[in-house]
Amino acid sequence: MIKFDRPSIDSFFRTLNILDFDVDPSEEKIVYSTNLNGYYNLWGMNLKQGYPYQLTTVNQMNSFVKFDPNGKHILTGYDTDGDEDYHIYALPTNGGETTPLLKTTQEKYYFGDLSEDGQTLYYTTSVDNPNYLNIERLNLVNGKVERLVTGEGGPCDLLAVSPDETTFAYTKAVGNTSEYGYLFIDKKEVAITPSQEEAHRVQQAVYFDHNLVLMLTNYQTEFSYLATYSISERKFEKLIAVEGHELSDLTLDKGSNKVYFVAQRGVEDSLYEYNLLTKELNVIKTPFDIVDRLVLGKKGSLFALGRSSTLPANLFRYTDAKAWVQLSEHKIIGVSDSELIEPEVFTYSSYDGLEIEGLFYSPNPENDNGYTILWPHGGPQHAIRKNFSPLFQYLCTQGYRVFSPNFRGSTGYGESFMKLVNKDWGGGPRLDILTGMDWLDNQDKSTRDKWFCIGGSYGGYMTLLLHGRHPDRFNAFVDIFGPSNLFTTIETAPEHWKEADRELIGDSVVDRDKLIEDSPMTYIDQMTKPMLVIQGKNDPRVVKIESDVIVQAMQERGQDIEYLVLEDEGHGFSKTENAIRVYKQMVDFLNKYLK
């Protein structure tokens, strides 16, 4: 009998991902951003044939994908090796070279909307206003650029343009949890929520017609809901909420007077259909747990990008028979569904009684090495969810258990819960994590002296902080582009982030003592365990110096420290070979410290 080797790390990290997609006007083709050749490019698929073909060779992550409504070209955006200076390009529908439409060195251009006739591109840009950004439009016929709004008081973001292009909706982020919505009407700014005296967010807006705007907002509530604004009546009205759920991905079907939206509660999503005429709300069952994006085709078909803990990112179409058809076939090479680990979802009471939800991946008994990896998620105002993680699945094949809690500050549990991390990066979240570790130990799901810690971004920050404050709880640490000094993080953040960072992280003068207390560098002398540090050279969010200082200090003490700098990456791993290199070194590093 032939005996096959277990799947290698390549099997997991060559699993394909999808960033974004769009559907052509005929609903016969899809264009999507995927790493099919090891780099992110645009690929097309004829839905009758179901076989992908490559459209671009730029080898960069795409920030958006948009078909021209007349099917003449495709619009997309990308940066350079993770520097996050996004520019906007056009390419023929059959692919080829990309033509820059909006490109200026060290400036950013974010797609906003495209007019119904396809002749005008609306966008937000850092040009002349890096702190608050401006809203502009580009006439794609004559090349004329027109500034519509000069941002002030907070970074602005264009949401949608009316069908007749006489008004548009946008937001202004006046703080980390205050993102107010406006309509630009007759060259005047009109608020679309009744009051801006209390913090709230307007997250998304779409036009039903030139008069009625639909939006998602959490105005005066814990969770966002669907609301409308009548321009002629200047009237805001709440339509529908899903109790205890955060709404997102608002998608309008004008032909049937329906809207679709996603309702998030904790680690998974539900998809809803709401009839604007009958007020009927229905759940649409999905073959995936997480809905990344919804697109309504011009002929009324609903398309989705979905994934689950054991299902990589794939594209789906919802049929007239109320069933889903999977359009792409992204799988893990040589790994069957039965070999993948479905995480356990559980809650525990933290040190102060706050309920914390988490995911726990447990390897098959024959592989279990008895060690548990703590994975504090990034953000911090983000969440661990039932997304497919090639890292978690591979770690399970290597015998590791994985614990990832949604500590205070995580999203999907209400506004008050999310705000608990503001100006308390290293306090409550850290104690939530330690309480969760104790709970797992007491449940015999983990062993106290068999823990590792791996984290990226805010998770990297927490990894460093736990190393400095609780080195005795772990055998080794892996920090992936984690902030080490909150003063540096505040100072070097992208300009349009700084307003929100004062609320999220703190003010370097007013909050000096707390920032010192919560900065991992304060505890550098107590970082005594082995550590691997990984950093993208081009990272604009957590600059390389934040990792350099940690590595240098540990090297000078003669400690076991490994440092991997990726020359062509930013705040993440956009290239498959880089991801494989990183995670192979990571697992090799951990394996050295198994007792």
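- Using bins of under 30°, 30° to 60° and over 60° for the plane-to-plane angle, the ring pair H571/F481 lands in the tilted bin.
- Between Y109 and E136, the side chains place no donor N or O within less than 3.5 Å of an acceptor N or O (distance only, hydrogens not considered).
- Using a distance-only test at 3.5 Å, with no hydrogens or angles considered, no donor-acceptor pair links the side chain of Q119 to the main chain of L140.
- Remark: of the listed residues F111, Y89, Y40, Y89 is the sole one forming a ring-ring contact (aromatic ring centres under 6.0 Å, His included) with Y78.
- A heavy-atom distance below 4.5 Å is not found between the side chains of V127 and N134.
- Side chain to side chain, N422 and N176 meet the donor-acceptor criterion of an N or O pair below 3.5 Å.
- E569 and S574 are linked by a side-chain donor-acceptor pair at a separation below 3.5 angstrom, with hydrogens and angles left out of the test.
- Under the 4.5 Å side-chain criterion, counting only non-hydrogen atoms from C-beta, F487 is in contact with L515.
- A heavy-atom distance below 4.5 Å is not found between the side chains of T76 and V31.
- Contact annotation: the side chain of L239 never approaches that of Y225 to less than 4.5 Å [non-hydrogen atoms, C-beta and beyond].
- For F303 and F316, the ring centers sit 6.0 Å or farther from each other.
- For the residue pair Y39 / Q60, no side-chain donor-acceptor distance below 3.5 Å is found, with atom types taken as modelled.
- F261 and Y272 have parallel rings, their planes meeting at less than 30° on a 0 to 90° scale where 60° marks the start of perpendicular.
- Within the model, atoms CE of M45 and CG of L315 stand 6.5 Å from one another, a figure rounded to the nearest 0.5 Å.
- From S162, atom OG reaches atom CD of E116 across 9.0 Å, with rounding to the nearest 0.5 Å.
- F184 places none of its side-chain heavy atoms less than 4.5 Å from the side chain of T166.
- Residues L133 and T125 are not in side-chain contact: their nearest non-hydrogen atoms beyond the backbone lie 4.5 Å or more apart.
- In this structure, F407 has its ring center under 6.0 Å from that of Y458.
- Between the side chains of E503 and T177, at least one donor-acceptor pair of N or O atoms lies under 3.5 Å.
- Note on E499 versus R502: salt bridge recorded, some NZ/NE/NH1/NH2 to OD/OE distance being below 4.0 Å.
- Between Y274 and Y260, the ring centre distance reaches or exceeds 6.0 Å.
- A donor and an acceptor atom, one from each side chain of Q106 and D85, are nowhere located under 3.5 Å apart.
- Using a distance-only test at 3.5 Å, with no hydrogens or angles considered, a donor-acceptor pair links the side chain of D79 to the main chain of E84.
- In this structure, the side chains of L305 and F21 come closer than 4.5 Å at one or more pairs of heavy atoms.
- Screening D511, D501, D518, D507 for a salt bridge (charged side-chain N to carboxylate O under 4.0 Å, His left out) involving K423 leaves a single residue, D511.
- Within the 4.5 Å cutoff, the side chain of L296 has no heavy atoms near those of the L252 side chain.
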Side chain to side chain contact (heavy atoms under 4.5 Å, CB included) evaluation trace for T489 with E491: CA-CA 6 Å; T489 305; E491 180 183 346; over 6 Å; no
field: Worked check of ring-ring contact (aromatic ring centres under 6.0 Å, His included) between F64 and Y110
entry: CA-CA 9 Å; F64 78 97; Y110 302 110; over 10 Å; no
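- Between D548 and K544 a salt bridge is recorded (basic side-chain N to carboxylate O distance below 4.0 Å).
- Remark: the Q203 side chain and the E179 side chain contain no N/O donor-acceptor pair separated by less than 3.5 Å.
- Ring centroid separation for the pair H496 and Y132 does not come in under the 6.0 Å cut-off.
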message: Please evaluate residues R201 and T217 with respect to the criterion side chain to side chain contact (heavy atoms under 4.5 Å, CB included), reporting the C-alpha separation (whole Å), side-chain torsions for both, the decisive distance (0.1 Å), and the verdict.
response: CA-CA 6 Å; R201 289 172 290 119; T217 180; 5.8 Å; no
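- Taking the six-membered ring where the residue is Trp, the centroids of Y170 and Y182 are separated by under 6.0 Å.
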